[in-house]
Number of protein chains: 2
Amino acid sequence: MARKPPTKPRKNALQERSRVTVDALVEATARILVREGFEKTSTNRIAEIAGVSVGSLYQYFPSKEALVAAVIERHNEEIMGIVRTTLTEVTDMPIEKAVRRLVTVAIDAHRINPELHRVLAEQIPRAGKLDVEAFNREVHAHVRAYFNSHRKEMRKIDLDVATLICVSTIEAVAHNTVLNQAEMLSDKMVRTLVDETTRMVVGFLRPPA
Amino acid sequence: MARKPPTKPRKNALQERSRVTVDALVEATARILVREGFEKTSTNRIAEIAGVSVGSLYQYFPSKEALVAAVIERHNEEIMGIVRTTLTEVTDMPIEKAVRRLVTVAIDAHRINPELHRVLAEQIPRAGKLDVEAFNREVHAHVRAYFNSHRKEMRKIDLDVATLICVSTIEAVAHNTVLNQAEMLSDKMVRTLVDETTRMVVGFLRPPA
DNA sequence: CTATAATGCGAGCATTCACTCGCTTTTCAT
DNA sequence: ATGAAAAGCGAGTGAATGCTCGCATTATAG
């Protein structure tokens, strides 16, 4: 049953209860990151909260960073799932509807777990940099493709510049709305923000009247 | 000569060479943050690079955070200086010119010390949070005031929403341009970005043609 | 039932790091 | 010149933390 030397199972080998252990560890890491901050997130504490020993932790994760990376990946997948779905739904919609939908989704995505998102946003530059860059590239590629296939509705403009500006804008508005304005977010306020952001982006892309 | 009990001079008392020491410490902190990252920034290392002993460090800075905060403050002051000046210059300009100027300045400000800016952007949420919030509030207040006094050039729109969206947008474009697109920044590219961003923001604020 | 592998354990090691304390050197008013 | 205060020094301390290693427990196969 062992196709490898007995020592060094380290990190793979998920058959049954180990799955549970791994999940508990990732979940515990996320919880501690949110509730106690990055500084307090020690491997011993993670193991404690996960109800697992440090030794077991190190059987599946070669380092503390690996754990944080796993949390990042999980969170990113969650968001990317939504974004991907939306971008597909939107393919055949006219610009106005598509942009409105994307702005809404961006805000929703940021609202999934704002605290975790904030902590990760702080820590990502250190760990998981690659994941996030891949994430960004995927979003840019999708949006660029959408713009390309809807060129006729748009004025003449460099697609890369348009993509950079639009993605930056939507991301920033969502980010600032959810993270800075805390919960001063009445539904009405959110609707206004969506309306206005959509108006700005669409007005930017459309040919001048 | 001592207006305080002999012990606990800690942090004030700058008469002559101590100024040099303090400056050297702040400068060293900034350099290490940029060149070796936050993790490697230990008080011992800071003292070493500053050419000063750890003991002296703790005479002027009660903690490591105090040093990082000093760096943040210095950097923020540098940027706020530029932004404040620009916002005054711009007071009587029409929207189009004012926005173009602000976009340009935002990018310039991000280019002052991009590496330091990046590291601080990562670490700021932990330390110096207050400084940065004050910074943001000041910018928002200035922009809002400008919008208010130029209402006639604008369509009817909630000033707070307009301010949030515009500031977020300009900041994000500047940030992504300088930090993500690295030095793929030809002057021409920058000019295009400034043009297009200006166009978007102005189109957003102006009454529909 | 027994042997073997997979999983789990947690005390402890090694290291790093913020910070202290007792002392020396420099400055300067008198 | 002198003495006291200001400035500077840096080995040392104590706590935190990432990670290892030898052993214990559980699951599975024959």
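This structure is a prediction, so every number in the text was calculated from the model and none was measured. Just so we're on the same page: letters track the sequence lines, and every chain starts at 1.
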Taking [atom1] from [X] and [atom2] from [N], how many angstroms apart are they, rounded to a whole number?
X	N	atom1	atom2	result
A:L57	D:dC21	CG	P	16 Å
B:I46	C:dC17	CD1	P	11 Å
A:N44	C:dC9	CG	C1'	13 Å
A:L25	C:dT7	CG	C1'	13 Å
B:R19	D:dA6	CZ	C1'	15 Å
B:R17	C:dT26	CZ	P	8 Å
B:E48	D:dG8	CD	P	18 Å
B:E65	C:dC17	CD	P	14 Å

Options [options], nucleotide nearest the side-chain atoms of [X]:
X	options	result
A:S18	D:dA7, D:dG18, C:dT7	C:dT7
B:S42	D:dG8, C:dA18, C:dC9	C:dA18
B:K64	D:dA11, D:dT20, C:dA18	C:dA18
A:Y58	D:dA7, D:dG18, C:dC9	D:dG18

Do the side chains of B:E96 and B:R199 get close enough for a salt bridge, i.e. N-O under 4.0 angstrom?
no
Please tell me if [X] has a side-chain N or O lying less than 4.0 Å from either OP1 or OP2 of [N].
X	N	answer
A:Y60	C:dG8	yes
A:S56	C:dT7	no
A:T21	C:dG8	yes
B:S53	D:dG10	no

If the plane angle is over 60° it's perpendicular, under 30° parallel, otherwise tilted; pick one for A:H175 and A:H110.
perpendicular
Validation row, ring centre A:Y146 to ring centre A:H150 under 6.0 Å
yes
Knowing that exactly one of A:T177, A:T104, A:V173 qualifies, which makes a side chain to side chain contact (heavy atoms under 4.5 Å, CB included) with A:V194?
A:T104
Considering the options A:L33, A:I32, A:V26, which one meets the side chain to side chain contact (heavy atoms under 4.5 Å, CB included) requirement together with A:T29?
A:L33
Any base atoms under 4.0 Å from B:T43, or only sugar-phosphate, or nothing? Heavy atoms, all strands.
base
